[in-house]
Amino acid sequence: MTIDQMIPALLGGSPVRPEGPPDWPAPDADVAAALNAAIANGSWGKYLGANVARLEELLAAFHGVPHALTCASGTLAVEVALKAVGVGPSDEVILAAYDFEPTFLTIHNIGARPVLVDVSPSSAGLDPAALDAAIGPATRAILVSHLHGGIVSMKSVLAIAAARNIPVVEDACQATGAIVECRPAGTSGDIGVLSFGGSKLLTAGRGGALLTANAELHQRMRLLLGRGVQQWAALSELQACVLVAQLRNLPGMNEFRARGVRQLLGQIADIPGLQAIGPPPPDSRPAFYKLGFHFDATAFGLSRDLFIKAMRAEGIAFDAGFRALHVGRAASRYRAAGPLSNAENAGRDVVALHHPVLALEEAAIEQVATAVRKTYRNAARFT
């Protein structure tokens, strides 16, 4: 049966991947061994054991920085990072108008005001060219996120920030293990942020980390996370042991996913309406927590919502991207630094493929390509 003869699963046909999207986290012998060891040595239930300290040591070494701290979530890590660089009530923090909503709300939580700048039309990440116009007397930090397999040029951001003596927080929660202009993601700014949430490339269900080369910032973050003799929002010893087990395999898994991305993009290169986010800056290598695309509904022949429903029915985990942060919000909740048209477009058109399928063999990537092609070739049947 040819692609043109296939009936889309959303219209009653057989799905390309009837078992649905792969589970995450996947079974992992190293994680199982780490859990068994934690049970055997009793570290799983301790306040203070060897696992958290070992993870922080390994994270610092992996990223080539002297200091790493763990905490309860990536969102908490963003808050601690902003406080550590001096952000407080009535200050302003610059970030892209297309970003993770809890990051925007975190800025409000510490009494500061988000200043939204537009994104690059290709990367869906903060456009460094928009920074100069956004900086004002109350600017205390710039927050940069790498999203959906896109990478922001940190060299460009840092050149502007250094000229104005403004700290930079680099959010690598979606880019753990990526390379940004020859440096590990999360190590170009004053502080880097990682997430170990349940869907992330390194997962412990919850958790986060902070990276810095600055001893003073490291000490400030330790104090912010402390409540007397213990950390008040700590990563557990059990979480740390499974992260240690995964960290050693992260580079290989990221390269495996990158091969899957190259395979998929080659197989759907002739399909109109799906433009992969990117390309990355020179000397950069994305980490594909999500593989993002700009979706052109007119060129593809379906609305974005219907495309996502059709792909989900085929067993392929596509989702919509974020809503632009200013859309539907009162203007008093932020300051807009110029037009935010690219961010609005990203909020309307980005779709993202979740990473677990990229960690499978070539046949699974072919299933994704077949589902995209099947949906495109039969677009007229949905109308």
| Test side chain to side chain contact (heavy atoms under 4.5 Å, CB included) applied to V351 and R304, step by step | CA-CA 8 Å; V351 297; R304 181 178 70 164; 3.5 Å; yes
Side-chain H-bond candidate by donor/acceptor type, [X] with [Y], under 3.5 Å:
X: S120; Y: S122; answer: yes
X: S145; Y: D99; answer: yes
X: S303; Y: D305; answer: no
X: H326; Y: E344; answer: yes
X: N249; Y: D30; answer: yes
X: S236; Y: Q239; answer: yes
X: Y289; Y: T176; answer: no
X: E170; Y: H146; answer: yes

Is the shortest distance from a Lys or Arg side-chain nitrogen in [X] or [Y] to a carboxylate oxygen in the other one below 4.0 Å?
X: E237; Y: R54; answer: no
X: E92; Y: R335; answer: yes
X: D270; Y: R373; answer: yes
X: R17; Y: E314; answer: no

Tell me the closest heavy-atom pair linking [X] and [Y], and the distance in Å.
X: K374; Y: P8; result: CE-CA, 3.6 Å
X: C241; Y: A34; result: O-CB, 3.6 Å
X: V261; Y: L291; result: CG1-CD1, 3.9 Å
X: V193; Y: A81; result: CG2-CB, 4.2 Å
X: Q246; Y: L201; result: OE1-O, 4.0 Å
X: L126; Y: V119; result: N-CG1, 4.2 Å

| task | Answer with yes or no after comparing the ring centroid distance for H355 and F288 against a 6.0 Å cut-off, counting only values under it. | result | no
| Check: H148 ring centroid to Y98 ring centroid under 6.0 Å | yes
How many angstroms lie between [atom1] in [X] and [atom2] in [Y], if you round to the nearest 0.5 Å?
X: I94; Y: I135; atom1: CD1; atom2: CD1; answer: 5.0 Å
X: N342; Y: D118; atom1: CG; atom2: CG; answer: 4.0 Å
X: T139; Y: N165; atom1: OG1; atom2: CG; answer: 12.0 Å
X: L243; Y: E56; atom1: CG; atom2: CD; answer: 11.5 Å
X: M154; Y: T187; atom1: CE; atom2: OG1; answer: 8.5 Å

| query | Stepwise, does the side chain to side chain contact (heavy atoms under 4.5 Å, CB included) test hold for L250 with F62? | reply | CA-CA 10 Å; L250 181 64; F62 182 91; 3.9 Å; yes
Is [Y] reachable from [X] through a run of I, L, V, M, F, W or Y residues, each pair having side-chain heavy atoms under 4.5 Å apart?
X: L76; Y: V87; answer: yes
X: V65; Y: V80; answer: no
X: L210; Y: V169; answer: yes
X: I151; Y: I160; answer: yes
X: L325; Y: F100; answer: no

Can you confirm whether more than 12 heavy atoms, excluding those of [X], are under 6.0 Å from its [atom1] atom?
X: L11; atom1: CG; answer: yes
X: R312; atom1: CZ; answer: yes
X: E19; atom1: CD; answer: yes

Within a strict 4.5 Å, meaning less than it, do heavy atoms of the [X] and [Y] side chains meet?
X: L353; Y: V368; result: yes
X: I142; Y: V157; result: yes
X: R140; Y: I166; result: no
X: P272; Y: D296; result: no
X: E101; Y: R329; result: yes
X: W24; Y: T203; result: yes
X: R381; Y: I7; result: yes
X: C173; Y: L194; result: no

Side-chain donor-acceptor pairs of residues 108-117 under 3.5 Å, sequence neighbours excluded:
| residue | atom | partner | partner atom | Å |
| --- | --- | --- | --- | --- |
| H108 | NE2 | R333 | O | 2.7 |
| N109 | ND2 | E79 | OE1 | 3.2 |
| R113 | NH2 | Y334 | O | 3.4 |

| request: Output, in order, the C-alpha distance, side-chain angles, deciding distance and verdict of side chain to side chain contact (heavy atoms under 4.5 Å, CB included) for V242 and L238. | output: CA-CA 7 Å; V242 300; L238 191 58; 5.5 Å; no
| said: Does the plane of the ring in F300 sit parallel, tilted or perpendicular to the ring in F295? Use 30° and 60° as the thresholds. | reply: tilted
| said: Does the plane of the ring in F307 sit parallel, tilted or perpendicular to the ring in F318? Use 30° and 60° as the thresholds. | reply: perpendicular
| said: I'd like to check the side chain to side chain donor-acceptor pair (under 3.5 Å) partners of E181; sequence neighbours left out, ordered by chain and number. | reply: S153
| query | Which residue pairs pass the ring-ring contact (aromatic ring centres under 6.0 Å, His included) test with at least one member in residues 225-272, sequence neighbours excluded? | reply | none
| request: Please report the C-alpha distance between H354 and K290 in whole Å, then the side-chain angles of each, then the deciding distance to 0.1 Å, and finally whether the side chain to side chain contact (heavy atoms under 4.5 Å, CB included) criterion is met. | output: CA-CA 5 Å; H354 193 30; K290 303 276 188 181; 3.6 Å; yes
